[in-house]
Visitor: 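Take this structure first; my questions come after.
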There are 2 protein chains.
Amino acid sequence: MARMAARGSSLETNDLRKVGLKVTLPRVKILAILEEKQDLHLTAEDVYKALLDSGEDIGLATVYRVLTQFEAAGLVQRHNFEGGSAVFELDDGAHHDHIVCQDCGRVEEFVDTTIEDRQKTIASNHGFDITTHALIIYGSCRREDCPHREK
Amino acid sequence: MARMAARGSSLETNDLRKVGLKVTLPRVKILAILEEKQDLHLTAEDVYKALLDSGEDIGLATVYRVLTQFEAAGLVQRHNFEGGSAVFELDDGAHHDHIVCQDCGRVEEFVDTTIEDRQKTIASNHGFDITTHALIIYGSCRREDCPHREK
DNA sequence: ATGTATGCAAAACATTTGCACCTGG
DNA sequence: CCAGGTGCAAATGTTTTGCATACAT
């Protein structure tokens with residue numbers, strides 16, 4: 001039992017090496033938080049609080065810097081939903097869009113090839129080279145457990 | 001020649017009365033700016049500068065307050081494109097999406113019924129009551145006159 | 001008149017940056 | 001050791017708010 005996980009070769013570590021970022025504690029921890037909450041879409045503040053909760057003493061400025069680097073490296077995606085702060089999620093490489101519940105904040109993801117195709121056609125009709133796109137559907141999830149949370 | 005336009009019954013005035021907003025000079029002027037630049041998507045700052053340019057002495061805070069009221073009243077739409085500030089445009093009632101040139105900032109609008117329909121299906125599949133949606137395609141317009149402007 | 005709207009300045013946020021210190025390779 | 005990373009505090013940029021004054025109705 002002298003194989004990995006013994007030291008310095010976790011998933012996070014490899015992800016960081018892969019994109020050429022020095023393996024530092026803040027980067028590893030932030031990446032771990034994002035992996036741990038794959039299904040959520042976190043603000044920089046959310047990540048910061050999660051770090052504090054797990055006992056790490058990492059500054060908010062560093063969280064912003066690291067998230068921005070991760071975005072540049074293609075490790076995470078940044079989204080500008082309504083409501084002030086940007087949210088981040090791990091970029092698994094597969095593009096997807098979002099459907100957001102305005103009552104409880106739940107975010108679900110989807111991909112629709114029909115829509116993707118139409119977008120290419122539309123961009124082309126307008127003479128645009130498409131770089132990327134953002135499609136967000138807003139609505140109410142109507143679930144029993146929808147906490148209708150504050151914000 | 002004693003009919004309208006003589007006093008207080010311009011398009012703007014009527015629009016404001018219609019939504020139950022008191023007809024004040026700042027509101028009329030801001031609405032006029034937005035009508036004048038139908039094709040553009042203006043930030044609050046843009047509107048503020050346009051007001052100064054036309055000699056009006058209206059505060060930036062008022063511009064924000066008025067735009068927010070207009071949004072609530074359904075007169076304008078607010079969009080959160082990338083890049084810090086929200087942009088506003090007149091809401092003509094007809095929904096449309098956007099295609100944004102990341103080089104020159106040009107914004108074009110489009111509607112695609114196929115996409116609209118797919119969205120309804122998707123929302124339904126996820127058990128959501130759809131409220132609204134935002135679809136933004138980012139790309140390069142590749143035009144000769146694309147000024148490749150700064151921001 | 002009188003309740004609401006506006007202007008200005010200050011506050012509130014989200015995000016970025018400068019700089020001295022710390023750390024990973 | 002040394003370049004690059006981090007923490008903290010201060011700077012920025014955007015949007016909101018408190019309050020005294022001005023204005024529609």
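Just so it is clear: chains get the letters A, B, ... in the order the sequence lines come, proteins before strands, and each one is counted from 1.
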Visitor: Establish, with yes or no, whether the OP1 or OP2 oxygen of dT15(D) is under 4.0 angstrom from a side-chain nitrogen or oxygen of Tyr64(B).
Guide: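 Looking at the OP1 and OP2 atoms of dT15(D), one of them is under 4.0 Å from a side-chain N or O of Tyr64(B).
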Visitor: Salt-bridged, Asp145(B) to Arg106(B), with N to O below 4.0 Å?
Guide: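 Yes, charged N to carboxylate O under 4.0 Å.
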Visitor: Salt bridge between Glu108(A) and Arg143(A), side-chain N to carboxylate O under 4.0 Å?
Guide: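 Here Glu108(A) pairs with Arg143(A) in a salt bridge, since their nearest N and O are under 4.0 Å apart.
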Visitor: Expected output is a numbered-order residue list: members of residues 29-47 of chain B with a heavy atom under 4.0 Å from any atom of DNA chain C. What is it?
Guide: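 Output list: empty, so none.
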Visitor: To the nearest angstrom, how far is Leu67(A) atom CG from dT16(C) atom C1'?
Guide: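 Rounded to the whole Å, the gap is 13 Å.
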Visitor: Rounded to the nearest Å, what distance is computed from the NZ atom of residue Lys49(A) to the C1' atom of nucleotide dA14(C)?
Guide: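 That distance rounds to 13 Å.
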Visitor: Over the length of the helix from dA1(C)-dT25(D) to dG25(C)-dC1(D), how much do the five-pair end axes diverge, rounded to 10 degrees?
Guide: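 End-to-end axis angle: 30°.
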Visitor: Would you tell me whether Glu109(B) and His95(B) have side-chain atoms, one donor and one acceptor, within less than 3.5 Å of each other?
Guide: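 No.
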Visitor: Give Leu25(A) one of three labels, base, sugar-phosphate or nothing, depending on what nucleic acid heavy atoms sit under 4.0 Å from its own.
Guide: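 Contact class for Leu25(A): none.
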Visitor: Any heavy-atom pair between the side chains of Arg78(B) and Thr68(B) that's under 4.5 Å?
Guide: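 Thr68(B) reaches Arg78(B) side chain to side chain.
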Visitor: Map Thr24(B) and Ala86(B) onto DNA chain D by nearest heavy atom, then report which one ends up closer to the 5' terminus.
Guide: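 Its nucleotide being nearer the 5' end, the pick is Ala86(B).
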Visitor: Can you tell me the distance, in whole Å, between the CG atom of Leu21(A) and the P atom of dG25(C)?
Guide: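 In whole Å, dG25(C) P and Leu21(A) CG are 12 Å from each other.
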Visitor: Working note: Ser124(B) + Thr121(B), criterion side-chain hydrogen bond (donor to acceptor under 3.5 Å, both in side chains); need CA distance, chi angles, decisive distance, verdict.
Guide: CA-CA 5 Å; Ser124(B) 162; Thr121(B) 304; over 6 Å; no
Visitor: For a 4.5 angstrom cut-off between non-hydrogen side-chain atoms, does Phe88(B) reach Val47(B)?
Guide: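 Heavy-atom side-chain distance check fails, nothing below 4.5 Å.
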Visitor: If each of Ala61(B) and Arg27(B) is mapped to the nucleotide of DNA chain C with the nearest heavy atom, which maps nearer the 5' terminus, i.e. the 5' end?
Guide: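 Result of the comparison: Arg27(B).
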Visitor: From CD1 of Ile58(A) over to C1' of dC22(C), roughly how many Å is that when rounded to an integer?
Guide: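 One finds 14 Å between C1' of dC22(C) and CD1 of Ile58(A), rounded.
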Visitor: Taking the side chain as every heavy atom from C-beta outward, state whether Arg118(A) and Glu116(A) have any atom pair closer than 4.5 Å.
Guide: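 Heavy-atom side-chain distance check fails, nothing below 4.5 Å.
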Visitor: Strictly by modelled atom types, are Ser140(B) and Asp103(B) linked by a side-chain donor-acceptor pair under 3.5 Å?
Guide: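 Yes, side-chain donor-acceptor contact under 3.5 Å.
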Visitor: Rounding to an integer number of Å, can you tell me how far Asp57(A) CG sits from dC21(C) C1'?
Guide: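 One finds 15 Å between C1' of dC21(C) and CG of Asp57(A), rounded.
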Visitor: Kindly indicate whether the side chain of Arg17(B), heavy atoms from C-beta on, has any atom under 4.5 Å from the side chain of Val23(B).
Guide: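 They are in contact (side-chain heavy atoms under 4.5 Å apart), so the answer is yes.
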Visitor: Nearest to the side chain of Thr68(B) - dT14(D), dT16(D), dT6(D)?
Guide: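 Taking heavy atoms from C-beta onward, the closest nucleotide is dT16(D).
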Visitor: Using whole Å, report how far CZ of Arg17(A) lies from C1' of dG25(C).
Guide: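 Rounded to whole Å, this separation is 9 Å.
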Visitor: Regarding Thr62(B) and Arg27(B), is there a side-chain donor-to-acceptor distance under 3.5 Å anywhere?
Guide: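 No, no side-chain donor-acceptor pair sits under 3.5 Å.
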Visitor: Rounded to whole angstrom units, what separation is found between the CG atom of Leu51(A) and the P atom of dT6(D)?
Guide: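 Between P of dT6(D) and CG of Leu51(A): 12 Å.
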Visitor: Give me, pair by pair, the N or O atoms of the protein and of nucleotides 1-3 of chain D that are less than 3.5 Å apart, along with how far apart they are.
Guide:
none

Visitor: Can the ring centres of Phe110(B) and His98(B) be said to be less than 6.0 Å apart?
Guide: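 So the answer is no for these two rings.
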Visitor: Is there a donor on the side chain of Arg65(B) or the base of dG18(D) sitting less than 3.5 Å from an acceptor on the other?
Guide: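 It does, because a donor-acceptor pair links the side chain of Arg65(B) to the base of dG18(D) below 3.5 Å.
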Visitor: Relative to the ring of Phe81(B), is the ring of His41(B) parallel (under 30°), tilted (30 to 60°) or perpendicular (over 60°)?
Guide: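 Ring orientation, 0 to 90° scale: tilted.
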Visitor: In whole Å, I'd like the distance from the CG atom of Leu60(A) to the C1' atom of dT17(C).
Guide: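 For the pair Leu60(A) CG and dT17(C) C1', the rounded distance is 13 Å.
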